[in-house]
Amino acid sequence: NLFPLVSVVLHTGGRPHVIRHALLELSKSSYPTLEICVVDDSNQEDNVRQLDGVLADSPHINLIYRHSPSPLSFSAKRDICVDQLTSGDILIQFTEGYIYSKERISFQVEPIVQEQARVTALMHGTWVVLPEGDVQGQPHFYHSSEKEAKTPVYGTLAFHRSTWLDIKYPDSSFVNDFEFWMQAYGGAVDMQLLPNDDNFLYVRQGSAYESRLVGEEANRWLNQVKQLATAIVMDQKPVSSRRRALRKTKYHPPPIVES
């Protein structure tokens with residue numbers, strides 16, 4: 001089967017406008033057979049209202065939604081999706097607040113379909129910094145540093161279900177995908193770190209420290225960025241607190257896995 005079912009694990013932290021944006025982005029994917037799993041521990045009525053009909057024009061995509069009445073860590077949400085709700089042999093993470101190209105899923109799962117890898121991830125590429133609370137403000141685009149560009153964006157993991165059965169996610173809302181990658185690396189799982197190739201845009205709010213992009217290199221992302229910024233502002237929940245918390249942690253560069 002050239003296009004086996006791929007299960008998209010989409011976690012949300014109670015941001016209905018942003019998750020609606022993420023589903024619209026996924027509806028544009030070039031990959032033809034998808035199911036999307038959302039485990040939500042926020043206000044169910046708000047999110048269900050935002051999700052209603054969003055995939056009406058994408059009958060090839062099956063949306064699986066489950067509400068949890070009690071708070072769950074990101075890893076618990078992901079494990080529920082993989083263990084209980086999805087059926088694809090290949091799974092891929094999707095983060096509601098980032099931006100992906102329509103080719104991203106096809107690009108990342110191909111080495112797994114071809115049995116060349118069991119886990120793939122994208123390298124860092126372009127970053128965008130959104131002006132906090134102001135959709136009219138100018139977003140700024142940056143290159144990743146040379147060091148950062150050789151490391152995985154852990155939120156972009158794709159993997160074969162058999163790998164998850166051996167590893168699973170540690171119970172955490174922060175570094176669970178980093179730990180998953182490291183356990184796979186330590187377990188000698190076949191892995192590929194793939195070039196970004198404009199398949200992923202890392203989004204954050206606040207300061208940045210890399211060289212700024214200008215002109216067409218930045219403009220090609222601008223429409224998608226403005227749509228996401230609008231969703232975040234409409235949701236009225238800043239996303240910067242977690243970013244700041246992570247920036248305060250000590251950074252330990254992971255091993256570089258050559259593709």
Side-chain angles (χ1 to χ4, degrees), residues 1-12 22-23 25-39 60-64 74-75 77-83 85-125 149-170 175-202 254-259:
N1 186 357
L2 294 178
F3 300 105
L5 178 66
V6 170
S7 302
V8 178
V9 180
L10 172 59
H11 73 71
T12 178
L23 289 173
E25 289 292 299
L26 279 164
S27 72
K28 303 171 188 174
S29 173
S30 65
Y31 196 84
T33 50
L34 293 176
E35 62 180 8
I36 303 171
C37 180
V38 178
V39 174
H60 63 291
I61 298 178
N62 179 33
L63 177 61
I64 305 163
F74 286 161
S75 58
K77 295 176 187 179
R78 287 169 168 166
D79 279 337
I80 290 171
C81 277
V82 181
D83 189 36
L85 302 179
T86 59
S87 55
D89 283 336
I90 300 174
L91 300 108
I92 190 165
Q93 294 178 179
F94 198 98
T95 301
E96 61 177 7
Y98 295 160
I99 294 174
Y100 305 87
S101 77
K102 66 180 182 179
E103 303 295 337
R104 178 249 172 158
I105 294 176
S106 299
F107 175 68
Q108 244 192 287
V109 304
E110 183 177 2
I112 302 175
V113 173
Q114 299 298 326
E115 299 184 351
Q116 298 168 355
R118 306 297 277 182
V119 181
T120 67
L122 297 177
M123 300 178 187
H124 280 274
K150 295 179 181 178
T151 61
V153 181
Y154 300 108
T156 66
L157 295 183
F159 51 90
H160 196 275
R161 184 177 293 272
S162 60
T163 301
W164 176 86
L165 290 170
D166 292 335
I167 298 175
K168 301 188 179 180
Y169 289 100
V175 295
N176 58 87
D177 36 22
F178 165 79
E179 292 290 347
F180 187 98
W181 174 271
M182 293 301 292
Q183 288 184 61
Y185 180 83
V189 173
D190 290 333
M191 306 166 73
Q192 284 193 19
L193 182 55
L194 304 174
N196 191 302
D197 289 346
D198 282 344
N199 280 301
F200 167 73
L201 183 66
Y202 185 91
I256 297 170
V257 181
E258 301 294 345
S259 60

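One-based numbering along the sequence shown. None of these values were measured; they are calculated from a predicted model.
- Shown here is E110, whose CD atom has no more than 12 heavy atoms of other residues, nucleotides or ligands within 6.0 Å.
- Between V39 and L85 the shortest side-chain heavy-atom distance falls below 4.5 Å.
- Side-chain contact check for N196 versus H124: every heavy-atom pair is 4.5 Å or farther apart.
- Partners of F180 according to the ring pair (Phe, Tyr, Trp, His ring centres under 6.0 Å) rule, which considers only residues two or more places apart in sequence or in another chain, are F159, Y169.
- The distance from the OG atom of S30 to the NZ atom of K102 is 7.5 Å, given to the nearest 0.5 Å.
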>> Set out, in order, the CA-CA distance, both residues' side-chain angles and the distance that settles side chain to side chain contact (heavy atoms under 4.5 Å, CB included) for W164 and D79, then state yes or no.
In response: CA-CA 9 Å; W164 176 86; D79 279 337; 2.8 Å; yes
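- The two residues A184 and V119 make their nearest non-hydrogen contact at CB-CG2, 4.3 Å.
- Expressed to the nearest 0.5 Å, how far CE of M123 lies from CG of N199 amounts to 12.5 Å.
- For R104, there are no salt bridge (charged side-chain N to carboxylate O under 4.0 Å, His left out) partners two or more places apart in sequence or in a different chain.
- At a threshold of 4.5 Å between non-hydrogen side-chain atoms, the residues L26 and I105 count as touching.
- Residues D198 and S101 share a closest heavy-atom pair of O-CB, 3.5 Å.
- Residues that satisfy the side chain to side chain contact (heavy atoms under 4.5 Å, CB included) test with A22, not counting sequence neighbours, are L10, F94, E96.
- For the atom pair L34 CG and H60 NE2, the distance stands at 6.0 Å (nearest 0.5 Å).
- Minimum interatomic distance between P195 and F107 (heavy atoms only, all atoms of both residues): O-CE2, 3.3 Å.
- Here the CD1 atom belonging to I90 is positioned 9.0 Å from the CZ atom belonging to R118, to the nearest 0.5 angstrom.
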>> If you apply the rule side chain to side chain donor-acceptor pair (under 3.5 Å), what do you find for Q192 with T120, and how did you get there?
In response: CA-CA 5 Å; Q192 284 193 19; T120 67; over 6 Å; no
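- Within the 3.5 Å criterion, the main-chain N or O of L91 finds no donor-acceptor partner in the side chain of R161.
- The CG atom of L122 sits 8.0 Å away from the CG atom of L193 when rounded to the nearest 0.5 Å.
- Separating the OH atom in Y98 from the CD atom in Q93 is a distance of 10.5 Å, to the nearest 0.5 Å.
- Looking at Y100 and E25, their side chains never come closer than 4.5 Å, going by heavy atoms from C-beta outward.
- When all heavy atoms of L157 and Y154 are compared, the closest pair comes out as CG-O, 3.1 Å.
- Looking at T86, its side chain does come within 3.5 Å of a backbone N or O of C81 through a donor-acceptor pair.
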